[in-house]
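Below, read A as the first sequence line, B as the second, and so on, with proteins coming before strands; counting in each chain starts at 1.
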Protein chains: 2
Amino acid sequence: MTPSWIEKFPGLTKLNPQLAKPLLEASKVVRLPAGTRIFGPGQAPEAYLLLIEGSVRVQQVSETGREIVLYRVVGGESCALTTACLMGYEEYQAEGIAETDVEAVAIPRSTFDELIATSAEFRRFVFTAFSQRITNLFRLIEEVAFARIDVRLAQRLLEIADKNGHLALTHQQLAAELGTAREVVSRQLNEFQRRGWVVTSRGAIDIVKRDGLAHLASAP
Amino acid sequence: MTPSWIEKFPGLTKLNPQLAKPLLEASKVVRLPAGTRIFGPGQAPEAYLLLIEGSVRVQQVSETGREIVLYRVVGGESCALTTACLMGYEEYQAEGIAETDVEAVAIPRSTFDELIATSAEFRRFVFTAFSQRITNLFRLIEEVAFARIDVRLAQRLLEIADKNGHLALTHQQLAAELGTAREVVSRQLNEFQRRGWVVTSRGAIDIVKRDGLAHLASAP
DNA sequence: GCCCGGTCTGTGACCAAGTCACTCCCTGTG
DNA sequence: CACAGGGAGTGACTTGGTCACAGACCGGGC
């Protein structure tokens with residue numbers, strides 16, 4: 001009866017079945033292809049989204065064209081924050097982009113409001129997502145303001161690499177991850193390569209000495 | 001009947017009187033002297049706070065001792081975010097400090113939960129505060145990552161100055177506002193002074209040519 | 001195969017900002 | 001009045017971002 005998607009959201013499985021029913025009826029599963037711009041200046045989603053599968057990148061683009069990735073929303077997480085932002089308050093120019101094919105539950109606004117009103121569980125779910133996101137933003141601010149770029153790059157490489165230590169990203173894309181310039185990434189990667197930690201090739205990087213990166217990433 | 005403080009919160013004045021009553025009964029007004037650390041690593045408030053009067057500075061302190069001001073909560077605003085953060089999710093090490101004597105309404109958690117559950121108005125109030133805060137954090141990230149330090153300093157001087165263009169801040173404090181180093185602020189202020197925009201003295205700055213700063217603050 | 005555009009990467013020179021190690025100065029206190 | 005301690009100035013140096021290039025690689029068309 002309960003569709004499989006709800007299993008992805010531990011915070012929701014305890015929902016009173018009486019409440020879960022209208023939620024399940026009113027919401028529908030949507031699929032978006034990789035590359036879709038889910039929201040951004042000039043585009044806004046019409047419903048609250050819970051991500052079942054896939055990854056959404058939320059990034060800020062400055063007037064001068066530089067970019068920085070603010071965070072990612074992945075399967076099992078709520079997009080409530082971005083959505084609430086969009087509906088709730090003033091204009092801002094961050095954008096959300098599907099990095100992979102994305103499967104999500106779209107909850108109409110009225111249903112969302114009703115759930116918030118009636119379910120303590122649902123409220124906890126939404127508030128927790130909010131808090132978590134803000135904690136992450138605080139951390140990001142600290143990193144951007146105070147952390148060295150080589151440390152941040154090492155961290156990001158470890159985060160993004162697949163389990164074989166492979167990344168399919170250009171230097172430009174990595175620079176956008178960190179909010180820095182392409183040349184800076186190139187120089188740092190050369191240095192990492194010189195130390196034997198990575199091997200770079202056109203549009204891809206392979207980590208060959210995880211320890212080196214991990215050591216740099218973890219400290220001074 | 002309605003105590004004066006509720007007038008400070010336009011979002012709450014429409015509260016159903018039936019709901020406002022328990023709110024008013026359960027909450028109490030607290031006063032904190034300037035300098036009080038309201039929350040931070042090792043200290044957390046036990047109740048939700050609505051600020052009636054005064055200003056609370058929320059700042060991040062890095063391991064290396066550098067600081068950056070994340071935002072301020074001023075009279076008429078909700079501290080819900082910081083509070084929710086504290087209760088909601090994992091540890092983080094931002095701290096909130098009363099910059100002036102502060103008068104606030106403390107709402108016990110149970111009352112808060114009840115209000116959230118029963119009042120759409122109250123929910124709107126809380127969510128709006130959340131959204132607004134996140135929008136500000138996005139802006140801050142963009143500034144820290146991409147904006148020039150002279151532009152940011154000019155903006156901050158204009159923001160903080162009283163209506164006579166006077167600021168009672170040390171260079172060190174200004175550096176903490178922006179998340180930069182004292183020497184950098186000193187150098188920039190010297191430059192501003194050379195251009196005849198400000199006059200500096202020990203522990204204080206006076207803006208004498210607002211236009212100059214405003215022009216720098218607004219662009220390139 | 002070969003050419004050709006577009007994208008990706010490397011490089012050096014330069015500028016902006018942060019760090020370090022001082023110094024001097026001002027001010028309030030004993 | 002001397003002195004301690006915080007506030008501010010300064011020069012040398014490092015790190016990171018910008019600019020202007022020059023190659024290198026890749027796919028498509030012929």
Interatomic distance, [X] [atom1] vs [N] [atom2] [rounded to whole Å]:
X        : N      : atom1 : atom2 : result
B:Ile205 : D:dA8  : CD1   : P     : 8 Å
A:Arg148 : C:dT19 : CZ    : P     : 10 Å
A:Leu174 : C:dG10 : CG    : P     : 12 Å
A:Glu191 : D:dT14 : CD    : P     : 15 Å
A:Leu153 : D:dG17 : CG    : C1'   : 15 Å
B:Asp150 : C:dA16 : CG    : C1'   : 9 Å

### Task
Scan nucleotides 21-30 of chain C nucleotide by nucleotide, 5' to 3', and note B when protein non-hydrogen atoms come under 4.0 Å of the base, S if they reach only the sugar-phosphate, - if neither.
B---BBS---
Under 4.0 Å, counting only non-hydrogen atoms across every strand here, what does [X] touch: a base, just sugar-phosphate, or nothing?
X        : value
B:Arg66  : sugar-phosphate
B:Thr180 : sugar-phosphate
B:Gln188 : sugar-phosphate
A:Thr64  : nothing

Between the side chains of [Y] and [X], is the shortest nitrogen-to-carboxylate-oxygen separation below 4.0 Å, so that they form an ion pair?
X        : Y        : answer
B:Glu191 : B:Arg195 : yes
B:Arg31  : B:Glu53  : no
A:Arg139 : A:Glu143 : no

### Task
Check if the side chain of B:Arg187 and the base of C:dT19 share a donor-acceptor pair of N or O atoms closer than 3.5 Å.
yes
### Task
Would you sort out whether A:Arg57 and A:Glu177 count as a salt bridge (charged side-chain N to carboxylate O under 4.0 Å, His left out), showing the intermediate values?
CA-CA 10 Å; A:Arg57 186 177 72 237; A:Glu177 290 282 334; 5.3 Å; no
### Query
Measuring from A:Ile134:CD1 to B:Arg133:CZ, what's the distance to the nearest 0.5 Å?
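Spacing of CD1 (A:Ile134) from CZ (B:Arg133) equals 9.5 Å.
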### Message
Among C:dG18, C:dT9, D:dG17, which nucleotide has an atom closest to any side-chain atom of B:Val184?
### Response
C:dG18
## Note on the structure
With the side chain defined as heavy atoms from C-beta on, A:Asn190 is closest, among C:dG10, D:dG7, C:dG18, to C:dG10
### Query
Counting only heavy atoms not in A:Arg152, do more than 12 sit closer than 6.0 Å to its CZ atom?
yes
### Message
Between A:Leu32 and A:Val56, is there a side-chain heavy-atom distance shorter than 4.5 Å?
### Response
no
#### Entry: Upstream residue (5' side of DNA chain C) when A:Gln193 and A:Phe146 are each assigned their closest nucleotide
A:Gln193
